[in-house]
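Just so it is clear, the model here is predicted, and its values are computed rather than measured. Letters A, B, ... mirror the listed sequences (proteins, then strands); counts begin at 1.
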Protein chains: 2
Amino acid sequence: MRTEPTVATSPEETAGRVWRGLRALVLERHERRKEVCDALGMSFIRVKALRRLAAGPRTMRDLAADLIIDAPYTTVVVDDLERRGLVAREVHPADRRSKIVKVTPEGERAARRADEILSVPPPVILALPAGDLAALDRIVTGLLGTEGP
Amino acid sequence: MRTEPTVATSPEETAGRVWRGLRALVLERHERRKEVCDALGMSFIRVKALRRLAAGPRTMRDLAADLIIDAPYTTVVVDDLERRGLVAREVHPADRRSKIVKVTPEGERAARRADEILSVPPPVILALPAGDLAALDRIVTGLLGTEGP
DNA sequence: ACAGTTGGTTGTAGTCGTACAACTAATTGA
DNA sequence: TCAATTAGTTGTACGACTACAACCAACTGT
């Protein structure tokens, strides 16, 4: 496998180019937000909330922290999802102030649908030679592993 | 260099995992929008407009197409950038209806500043082994090349 | 027991972006 | 020449998100 630099040699420069490239790929060429929002008929923050909740029930407080939105707006978002029958609030057994928000079966389906849309890789990635795809897979997995959760 | 799949073997599955990983990396872990907006004191669409114009003068119409916003809002955005002294409108020599928008020297500086912020790669990418970084560079460059401009 | 804190809700106000309608000025084509 | 089109501007209305203030109910520590 060729590993010579594409243009520049300095690691900083290369890393910068790689990063700009990744941003272009994800943000400029293959943004799927509109697509999911249209498909589910809701704003992206609601989609994010739904997917987050599908990953596991959470309190309002934790959901707010995950989405980086404040408590009042979390109420608005969850109210809306609840009205649609996609999530349900339950009182926390150990703290009656707190609510645990769970996805309903229908919410589960909607979240999975969103995941599917967001997961569809752009054709260029699918068209990658097997070796490159495997290398990319290994590197990206590593990049995610060495960070946060 | 190891090229064995990280988990699954099917190319579709691998491509899906890679794509989700790239999205997570760019959108969830290292979103720089807020940072640039704070630094330049303007909304992200204005930053986008400025960077686009810094890449070369354009008519209002073309700028609107680039940013995927409608004509009236383009006027609002360019008005704002012009009030800040970052861009200037000139009448198109061959069509007096049309305006050509150019960045001023100050606009040029602001755009470069935005580029710098957006280009700073996350530490994990900088920490990549030289071989992986080179491979990533080559693959990403290829991915961008096989698509649009 | 009770002051202080926390989880959640309600309401209000402001910004940002989207979508139209309506208009002027300039250009184009029959 | 003149109707139709195009480039840009102005204005208006709306939805989505942000940020506060104020509030209630429930919990905590002393």
Side-chain angles (χ1 to χ4, degrees), chain A residues 27-28 31 33-53 57-84 86-102 114, chain B residues 27-28 31 33-53 57-84 86-102 114:
Chain A
L27 293 171
E28 289 160 34
E31 186 49 276
R33 287 172 189 230
K34 198 155 212 163
E35 209 178 319
V36 222
C37 293
D38 288 350
L40 300 206
M42 62 179 72
S43 70
F44 194 66
I45 207 157
R46 273 148 243 249
V47 175
K48 265 164 76 178
L50 190 60
R51 300 204 321 141
R52 203 79 206 179
L53 290 169
R58 265 153 242 283
T59 63
M60 295 292 286
R61 179 190 152 74
D62 290 342
L63 182 61
D66 286 347
L67 302 179
I68 321 176
I69 62 181
D70 68 355
Y73 198 52
T74 309
T75 298
V76 171
V77 168
V78 172
D79 278 355
D80 183 37
L81 292 176
E82 197 167 34
R83 236 177 283 114
R84 293 166 188 255
L86 302 177
V87 308
R89 277 184 252 233
E90 288 175 17
V91 182
H92 188 108
D95 183 347
R96 286 197 329 242
R97 289 170 306 176
S98 190
K99 313 280 177 67
I100 297 175
V101 192
K102 294 179 175 175
Chain B
L27 294 172
E28 288 159 35
E31 186 50 276
R33 286 173 189 230
K34 199 156 213 162
E35 209 178 317
V36 221
C37 292
D38 288 349
L40 301 205
M42 61 179 75
S43 70
F44 193 67
I45 207 155
R46 275 148 241 249
V47 176
K48 265 165 77 178
L50 191 60
R51 300 205 318 141
R52 202 79 206 182
L53 290 169
R58 266 152 243 283
T59 62
M60 295 292 285
R61 177 189 152 75
D62 290 342
L63 181 61
D66 286 347
L67 302 178
I68 320 177
I69 62 181
D70 68 354
Y73 198 52
T74 309
T75 297
V76 171
V77 169
V78 172
D79 278 354
D80 184 37
L81 293 177
E82 198 168 33
R83 234 177 285 115
R84 293 166 188 256
L86 303 178
V87 307
R89 276 184 253 232
E90 289 176 16
V91 182
H92 188 108
D95 183 345
R96 290 199 325 246
R97 287 171 307 180
S98 190
K99 314 279 179 65
I100 297 176
V101 193
K102 294 179 175 176

Quiz item: Does A:D38 come within less than 4.0 Å of A:K34, counting only side-chain N to carboxylate O?
Solution: no
Provide, to the nearest angstrom, the distance between the [atom1] atom belonging to [X] and the [atom2] atom belonging to [N].
X     : N      : atom1 : atom2 : value
B:M60 : C:dT24 : CE    : C1'   : 15 Å
B:R58 : D:dA7  : CZ    : C1'   : 17 Å
A:H92 : D:dT28 : NE2   : P     : 10 Å
A:R96 : D:dA26 : CZ    : P     : 5 Å
A:F44 : C:dG17 : CZ    : P     : 17 Å
A:R33 : D:dC17 : CZ    : P     : 10 Å
B:E90 : D:dG8  : CD    : C1'   : 16 Å
B:K34 : D:dA19 : NZ    : C1'   : 11 Å

Quiz item: Considering all heavy atoms of both residues, which atom of A:P57 and which atom of A:K102 are nearest to each other, and what is their separation?
Solution: CB-CG, 3.6 Å
Self-check item: Heavy-atom closest contact (A:M60 atom, A:V101 atom, distance)
Solution: SD-CG2, 3.6 Å
Do [X] and [Y] have side-chain heavy atoms sitting under 4.5 Å apart?
X     : Y     : result
A:D80 : A:L86 : no
B:R84 : B:L40 : no
B:M42 : B:L81 : yes
A:L63 : A:L53 : yes

For [N], does either OP1 or OP2 sit under 4.0 Å from a side-chain N or O belonging to [X]?
X     : N      : answer
A:S43 : D:dC17 : yes
B:R61 : D:dA7  : yes
A:R46 : D:dA16 : no
A:R89 : C:dT9  : yes

Quiz item: Given that A:D95 and B:D95 both sit by DNA chain D, which one's nearest nucleotide is further toward the 5' end?
Solution: B:D95
Quiz item: Does B:R97 get its side chain close enough to the base of D:dT6, under 3.5 Å, for a donor-acceptor pair?
Solution: yes
Quiz item: Near DNA chain C, under 4.0 Å by heavy atom, which residues of residues 68-80 of chain B?
Solution: B:I69, B:D70, B:P72, B:Y73
Self-check item: From C:dT27, C:dG8, D:dC17, nucleotide with atom closest to A:I45 side chain
Solution: D:dC17
